[in-house]
Participant: 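Structure in structure tokens, see below.
So that the names make sense, note that chain A is the first sequence line, chain B the second, and so on, each numbered from 1.
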Amino acid sequence: MSEQGCTRPEVGDLLAAYELNLLEAEDRLRFESHLETCAWCVEELYAHAPCSEDLLTAPGRHAATLRRASRASDSGFAVQFRAMLRRLLQPRVLAPVGTVAAVALALVLLMPGDLMTPGAAGLAIVEPLPYQTLDLRGGADSDLAGLLAGGLQRYADGDYAGAARDLAAAWAAAGTDETWSDRSQAALYLGLSLLLDQRPDEALAPLRVAGASRLLPVAERGRWYLAQAHLLREDPRASVPLLESLLQSPVYGDPASDQLHAVREICDNPAGE
Amino acid sequence: MTFEQAPEIALDPLAAAWLSGDERAESKLFEFLRVRFLGIAKRRVQPDHLEDLVQEALQIVLRKGREQQRTENVLIWSLTILRNVIGNHYQARKRENERMATGEMLLDQLTDEAAPPDQFAGSDSGLEQALARLAEKYPRCGKIFAAILESLETGGGPREVSQRALAKVQRQTPDLTRGGFYTALHRCRSQLRALLEKEPGHV
């Protein structure tokens, strides 16, 4: 096995799709041409070949395995454990014993967020929005435009921490400049970079600005990602009105509906019973 | 098949051309496989066995390919044949080694070729267990694989299968592009590989 890894990761990323016969002729040829110079990818195909053949030979059976495992996981130990904790923490159970109540209070105060509201963060969907070049215009000076362009380039490169830093600087430099027409789009990408950098608390403010944009696509995206930020913060109730506002969206309608259903289950039945 | 007009062609159509009697397609296909097979086998067997093993594997590909009229996923299928040939080679060497050891005639040179753990085909239950673990541990990966496998089960060409699976995943992740989908699948495959390596008796 080559110790160097794939020689061209942008082509090597097609490997799994190649194995499962998902690639059209042009991409297949591109990947197979890549194999002429990449020993790492050849070794990977070789090592995984029996599994790939198994998956292709009996896809229905393996899909059923995955569905069963997903269902088992959804009703698994973690959820039941949280439910048990919540039942124990109910006042009628704890009231007779004052000392136990004190311990329970301490537990509540020390309990991690994901035990307070089971599974809310697990519902969040945060995928990088495809990078789109912004049409820079308005009253922004060249420094501001440079910061914005630099931040977006870092975002496109997958450097979300760097993107958040540059976009936050652009945001701060713009201040309340109402002539800067890219404000809401910059807010969207700043919020999204913070989310992807796993900083949902900081993402709230810029995503609220994006969600209030007069540009409908920006507003919908802003509200969608703001809802995801609330879920990541284990605050599912805050995501409900945002998801409701997206139900008629041609882009976000279906996922918002699915997510809303799951969020309401958590809110209506926080013990997971 | 217009192989003469298409010097650059993917392996599956090349196999179709070979099966329809195109000798140049056959030559090109088997040269591609031979080079890849040699690269793989030279890391696993002693040099004096290398050419023989590769030739044996290519002969099987040639014979079974004709029998089965194989024109889909030819490379992956060929690699499983190579794995079996190398695996059989190790088994034969092991038996020979044991026989000689019993007669107190163990030769040092045979120990140079110990079978690495990845040489034997994995169990089907190992894959099932790893898939179940994948869905539990990485739910999103489980959903991506399930969408693809369900689409494969429904049938159709690569474009149709891929589009149907992507559309299903996009219900949860509307902004996911085709490129992002393939990249996500690639990462999930890495997780599956890691889980498979933990399954006893599997690759």
Participant: Counting only non-hydrogen atoms closer than 4.5 Å, does A:Glu36 touch chain B with its backbone (N, CA, C, O), its side chain (CB onward), both, or neither?
Facilitator: both

Participant: Over all heavy atoms of both residues, which pair between A:Ala16 and B:Arg189 is shortest? Give the atoms and the distance, please.
Facilitator: CB-CD, 3.6 Å

Participant: Calculate, to the nearest 0.5 Å, the distance between atoms CD and CG belonging to A:Glu19 and B:Leu75 respectively.
Facilitator: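 One gets 9.5 Å once the value is rounded to the nearest 0.5 Å.
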
Participant: Where do A:Glu43 and B:Arg44 land on the salt bridge (charged side-chain N to carboxylate O under 4.0 Å, His left out) test, with the steps shown first?
Facilitator: CA-CA 12 Å; A:Glu43 285 285 338; B:Arg44 291 165 171 86; 2.8 Å; yes

Participant: What part of A:Phe31 is in contact with chain B, defined as an atom under 4.5 angstrom from a non-hydrogen atom: side chain, backbone, both or neither?
Facilitator: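 Contact with chain B involves no heavy atom of A:Phe31 at all.
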
Participant: What are the two closest heavy atoms between B:Arg36 and A:Leu35, and how far apart are they?
Facilitator: NE-O, 3.7 Å

Participant: Measure the OG1-CG distance between A:Thr65 and B:Leu127 for me, rounded to the nearest 0.5 Å.
Facilitator: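 Rounded to the nearest 0.5 Å, the OG1-CG separation comes to 8.0 Å.
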
Participant: Calculate, to the nearest 0.5 Å, the distance between atoms CD1 and CG belonging to B:Ile76 and A:Leu20 respectively.
Facilitator: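 Between atom CD1 of B:Ile76 and atom CG of A:Leu20 there are 8.5 Å.
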
Participant: Considering all heavy atoms of both residues, which atom of A:Leu22 and which atom of B:Val161 are nearest to each other, and what is their separation?
Facilitator: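 A:Leu22 and B:Val161 have their closest heavy atoms at CD2-CG1, 3.6 Å.
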
Participant: Drop me the distance from B:Ser78's OG to A:Leu45's CG, to the nearest 0.5 angstrom.
Facilitator: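 With rounding to 0.5 Å, OG (B:Ser78) is 11.5 Å from CG (A:Leu45).
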
Participant: If I measure from the heavy atoms of chain A, does B:Arg187 come under 4.5 Å with its side chain, its backbone, both, or neither?
Facilitator: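 No part of B:Arg187 comes within 4.5 Å of chain A.
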
Participant: Should the heavy atoms of other residues, nucleotides or ligands under 6.0 Å from CD of A:Gln198 be counted, would the total exceed 12?
Facilitator: no

Participant: Rounded to the nearest 0.5 Å, how far does OG of A:Ser33 lie from CZ of B:Phe32?
Facilitator: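 Rounded to the nearest 0.5 Å, the CZ-OG separation comes out at 8.0 Å.
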
Participant: With a 6.0 Å cut-off (strictly less than), is the heavy-atom count around CD of A:Glu26, excluding the residue itself, greater than 12?
Facilitator: no

Participant: Select, from B:Leu192, B:Leu79, B:Val35, the one with the greatest count of heavy-atom pairs under 4.5 Å involving chain A.
Facilitator: B:Leu79

Participant: Is it the case that atom CZ in B:Arg159 sees more than 12 heavy atoms from other parts of the structure closer than 6.0 Å?
Facilitator: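 Atom CZ in B:Arg159 is not crowded, with 12 or fewer foreign heavy atoms closer than 6.0 Å.
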
Participant: With only heavy atoms counted, which part of A:Asn21 is less than 4.5 Å from chain B, the side chain, the backbone, both or neither?
Facilitator: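 Contact with chain B involves both backbone and side-chain atoms of A:Asn21.
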
Participant: Any idea which heavy atoms bring B:Arg171 and A:Pro255 closest together, and the distance?
Facilitator: O-CB, 2.9 Å

Participant: Check each atom of B:Glu72 against the heavy atoms of chain A and say whether the ones under 4.5 Å are side chain, backbone, both or neither.
Facilitator: side chain

Participant: How close do A:Gly60 and B:Glu153 get, counting heavy atoms only, and between which atoms?
Facilitator: N-OE1, 3.0 Å

Participant: Please look at B:Ile148 and chain A and tell me whether the side chain, the backbone, both or neither of the residue comes under 4.5 angstrom of a heavy atom of that chain.
Facilitator: side chain

Participant: Give the member of B:Pro174, B:Ala146, B:Ser190 that has the highest number of heavy-atom pairs under 4.5 Å with chain A.
Facilitator: B:Pro174

Participant: Taking every non-hydrogen pair under 4.5 Å, which of A:Ala256, A:Ala25, A:Ala63 racks up the most with chain B?
Facilitator: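 Of the options given, most contacts go to A:Ala63.
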
Participant: Are A:Val42 and B:Phe37 close enough that some pair of their side-chain heavy atoms sits under 4.5 Å apart?
Facilitator: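 A side-chain contact under 4.5 Å is absent here.
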
Participant: Any sub-3.5 Å donor-acceptor pair from A:Glu53's side-chain atoms to B:Thr80's backbone N or O?
Facilitator: no

Participant: I need the minimum non-hydrogen distance between A:Glu32 and B:Ala10, along with the two atoms involved.
Facilitator: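 Result for this residue pair: OE1-CA, 3.3 Å.
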
Participant: For A:Tyr46, does its backbone N or O pair with a side-chain atom of B:Arg83 as donor and acceptor, under 3.5 Å?
Facilitator: yes

Participant: Tell me whether B:Gln69 at atom CD has more than 12 heavy atoms from other residues, nucleotides or ligands lying less than 6.0 Å away.
Facilitator: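 Above 12, so yes.
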
Participant: Working to the nearest 0.5 angstrom, can you tell me the gap between A:Leu14 CG and B:Thr183 OG1?
Facilitator: 7.5 Å

